[in-house]
Amino acid sequence: MFARAVRPTVSLARSLSTSTQNNAKVAVLGASGGIGQPLSLLLKNSPLVSHLSLFDIAHTPGVAADLSHIETRANVTGHMGPDQLDAALQGCDVVVIPAGVPRKPGMTRDDLFHTNATIVATLADACARNCPEAMICIIANPVNSTIPIASEVMKKHGVYNPNRMFGVTTLDIVRANAFVAELKGLDPARVNVPVIGGHAGKTIIPLISQCTPKVEFPADQLAALTARIQEAGTEVVKAKAGAGSATLSMAYAGARFTFSVLDAMNGKEGVVECGYVRSEETECKYFSTPLLLGKSGIEKNLGLGKLTAFEEKLVAEAMTELKASIKKGEDFVANMK
């Protein structure tokens with residue numbers, strides 16, 4: 001029954017099956033939060049994970065105890081408060097960071113910046129000291145700035161590896177797949193829309209022209225679909241009426257990305273996910289594109305592919321905002337005491 005519930009993503013369903021067993025220590029930083037708890041539940045159900053290390057500033061022992069009663073192989077440990085952060089990270093292969101405050105109605109991702117920037121810088125510092133070779137998967141918003149922040153912190157420690165640092169933009173792909181499938185009457189499990197750029201508003205650029213299977217929309221419908229994908233986060237914030245932002249769909253997307261990273265680390269070939277990473281593909285230092293993943297992280301950046309005139313315009317319009325967000329993150333670390 002559980003496998004059926006998560007069937008829409010092939011990689012997620014496969015990772016929750018019991019056919020493959022591997023050993024990986026995965027840390028979730030922010031494990032008690034709205035994203036962290038369902039994300040930890042999905043990771044606990046995967047045979048790819050042998051040790052699930054949960055960290056947060058409160059409630060982590062309870063979350064860990066609850067998850068430890070599930071009849072799957074992952075050993076669960078709970079770590080709470082700054083004094084236990086180092087222990088949570090030691091020996092980790094993958095670190096997933098959903099920590100931070102969520103968006104509320106009227107807030108932009110930029111409003112979250114100062115609180116979440118400090119949190120991400122602190123956690124990146126701990127990763128640099130305790131698991132410098134781990135794959136770091138950052139969910140904490142604003143991703144357009146938090147990836148540059150984490151990267152600059154890792155550079156300060158002399159352990160920065162751009163092939164192992166990811167901004168998780170998978171929720172944009174998941175949403176695009178769901179919305180296209182809904183409009184075309186397709187099975188969402190078989191729809192794949194690459195989404196490039198960043199992870200906020202107009203920096204989210206769905207490449208409907210590169211969707212598999214091939215789909216076409218009239219210009220007005222394409223514009224409306226693109227806008228819906230770009231503003232889908234706000235759609236959830238408004239629907240929750242002050243009770244939070246996208247948590248369940250983000251947990252699903254975060255688990256999907258983590259399982260892809262683990263699959264690739266275990267030697268599976270042909271694993272491709274979009275991610276916001278250090279990039280030479282455009283004039284922006286960081287940019288999300290499809291990535292071929294391998295044992296050591298990014299094996300190859302697959303680039304933007306062939307864009308339509310409409311998509312080229314979207315890329316051009318995203319550049320100013322993306323560059324500003326990147327600079328804001330870099331400046332934050334440069335000015336840290």
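Residue numbers run from 1 in the order of the sequence given. Treat the numbers as computed from the prediction; the structure is a model and nothing was measured.
- Salt bridge annotation for E182-R228: present, with a cationic side-chain nitrogen under 4.0 angstrom from a carboxylate oxygen.
- The minimum heavy-atom distance between N144 and Y276, with the atom names listed, is O-OH, 3.0 Å.
- A246 approaches L171 most closely through the heavy-atom pair CB-CD2, 4.2 Å.
- Checked for salt-bridge contact, E152 and K155 meet the test: a charged N lies under 4.0 Å from a carboxylate O.
- Partners of T258 according to the side-chain hydrogen bond (donor to acceptor under 3.5 Å, both in side chains) rule, which considers only residues two or more places apart in sequence or in another chain, do not exist here.
- Checking side-chain atoms of D56 against main-chain N and O of S32 turns up a donor-acceptor pair under 3.5 Å.
- Residue H79 holds its NE2 atom at 8.5 Å from CG of L89, rounded to the nearest 0.5 Å.
- Scanning all heavy atoms of the two residues, the minimum distance from S260 to E273 falls at OG-OE2, 2.8 Å.
- No donor-acceptor contact under 3.5 angstrom links the side chains of H51 and S53, judged on distance only.
- Considering only residues two or more places apart in sequence or on other chains, S249 meets the side-chain hydrogen bond (donor to acceptor under 3.5 Å, both in side chains) condition with none of them.
- Of all heavy-atom pairs spanning L322 and G198, the tightest one is CD1-CA, 4.0 Å.
- Heavy-atom minimum distance, C137 versus F257: SG-CE2, 3.8 Å.
- Heavy-atom minimum distance, V76 versus K44: CG2-CD, 3.7 Å.
- More than 12 heavy atoms of other residues, nucleotides or ligands lie within 6.0 Å of NZ in K156, so this atom counts as buried by the packing criterion.
- Heavy atoms from other residues, nucleotides or ligands lying under 6.0 Å from NZ of K184 number more than 12.
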